[in-house]
Amino acid sequence: MRTSWTPGRVNLIGEWIDFNGGWVLPAALPLGVTVRLTPSDDGIDTVRSVQFEGLSSATLDQGASGHWADYVFGALQAARTRGWLTGGAEVSLDSDIPAGAGVSSSAAVTVGVLRATAPDGTDLTELATLARQVENHFVGVPCGIMDQMAVAHTGPGEALALNTRTLEFDRLAFPADWRFAVLHSGVDRKLADGRYGARREACESSARQLGLDYLCDGGDLSALPQDLLPVARHAVSEDKRTQDAIDALKAGDGERFGTLMTQSHASLRDDFQVSTPRIDALIDDALGLGALGARLTGAGFGGCVVILLPPEAGEAWTGRLLDRHPKAWSVAEVGARADDAVPQNVEDLPS
Ligand code: GLA
């Protein structure tokens with residue numbers, strides 16, 4: 001049996017620019033998925049999950065069916081194209097990453113299954129790139145590369161400053177007093193329902209009309225039609241904010257980092273238009289309670305927010321915010337790695 005553990009991620013800043021040639025800054029959650037995989041010879045892949053009932057099975061070349069197990073079947077097919085697996089596999093998943101919340105539970109599964117099949121020493125960027133192909137071409141979600149790179153390369157307590165154009169990156173630790181709360185807004189979202197693709201097309205169309213390979217390169221946006229101008233303005237300004245935020249993290253400047261997060265939210269709300277009134281209210285109340293910064297995280301249309309807590313915030317801070325938003329709930333806290341953090345590699349796991 002091969003075993004792997006892969007975290008979920010929260011994106012701290014750099015939203016909707018991982019296919020526009022921009023910088024992003026996701027961080028690993030202290031939540032993850034354990035994959036246990038046993039190769040089999042019977043020409044069939046099977047997957048079960050501790051969290052969901054039932055056993056799903058597929059022949060070795062079956063297409064996607066719209067079921068969550070597609071991420072596993074797609075990853076197994078990709079592993080076979082690399083020769084990492086020859087026959088079928090029995091896969092069992094155990095995950096504490098909330099599904100459909102915008103914290104990359106699917107990227108963690110796809111990367112986790114590939115990790116459990118790849119030979120030791122496989123380049124993690126190659127693994128992440130393959131995982132993205134599974135999502136793009138097998139599952140049919142036209143996502144960028146951020147999530148797969150984040151969950152492949154980071155562990156709890158770390159952020160990934162990633163140039164999505166070159167795939168160069170830096171793993172950054174958090175200052176000891178930085179704590180981010182990741183809260184689910186209580187608003188459901190679904191990535192595969194077409195809204196992601198429509199936003200992506202608007203970005204591509206803007207880049208084409210500006211004669212650019214990457215929308216983040218911006219230039220004179222005034223040539224764009226009124227409906228595309230705010231889309232481009234978000235991409236260009238978000239890239240700049242993210243680079244500034246990476247500098248603020250390196251300098252330990254929490255005030256500056258928080259301000260950039262809040263500006264990012266305003267841009268996602270007003271220009272890119274992927275927020276919702278309930279998320280905006282949660283952000284406003286977090287800031288009213290003294291948060292250094294707050295923004296929606298992930299694709300938006302619901303899902304999670306990330307809040308940089310004031311240094312003096314005690315245990316009760318998040319509870320006070322949640323009291324005002326009864327549908328919201330706490331997903332995780334992210335900060336400097338605690339000694340009792342979850343296992344990061346297979347050696348730590350019982351098989
Ligand atoms: C989803 C996608 C990512 C990225 C974000 C928005 O998480 O999977 O590639 O585009 O949305 O920043």
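For ligands, and for the atoms within them, numbers begin at 1 and follow the listed sequence.
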Under 4.0 Å to a heavy atom of Cys143 - the qualifying atoms of ligand 1, by number: 2 (C), 8 (O), 9 (O)

Residue Glu255 excluded, over 12 heavy atoms near CD under 6.0 Å: no

Answer yes or no: is there a side-chain heavy-atom contact under 4.5 Å between Trp317 and Ile307? yes

Residue Asp227 excluded, over 12 heavy atoms near CG under 6.0 Å: yes

Taking only heavy atoms of Arg9 into account, list the atoms of ligand 1 that are under 4.0 Å away from them. 7 (O)

Per-atom contacts, ligand 1 versus Tyr196 - under 4.0 Å to a heavy atom: 1 (C), 2 (C), 3 (C), 4 (C), 9 (O), 10 (O), 11 (O)

Structural part of Glu238 in contact with ligand 1, heavy atom criterion under 4.0 angstrom: neither

Around atom CZ of Arg48, are there more than 12 heavy atoms from other residues, nucleotides or ligands closer than 6.0 Å? no

Under 3.5 Å, N or O to N or O, is Asp147 touching ligand 1 that way? yes

Please compare Arg199, Glu15, Met149 and report which has the shortest non-hydrogen distance to atom 6 (C) of ligand 1. Glu15

For Asp170, look at atom CG and say whether over 12 heavy atoms of other residues, nucleotides or ligands are found less than 6.0 Å away. yes

Residue Ala299 vicinity, atoms of ligand 1 by number, heavy atom under 4.0 Å: 11 (O)

With a 4.0 Å cut-off, would you call Arg208 and Glu204 a salt bridge? no

Donor-acceptor side-chain pairing of Ser264 and Glu238 below 3.5 angstrom: yes

Is Gly144 in polar range of ligand 1, meaning some N or O pair under 3.5 Å apart? yes

A student checking ligand 1 against Met146 at a 4.0 Å heavy-atom cut-off should list atoms 4 (C), 5 (C), 12 (O)

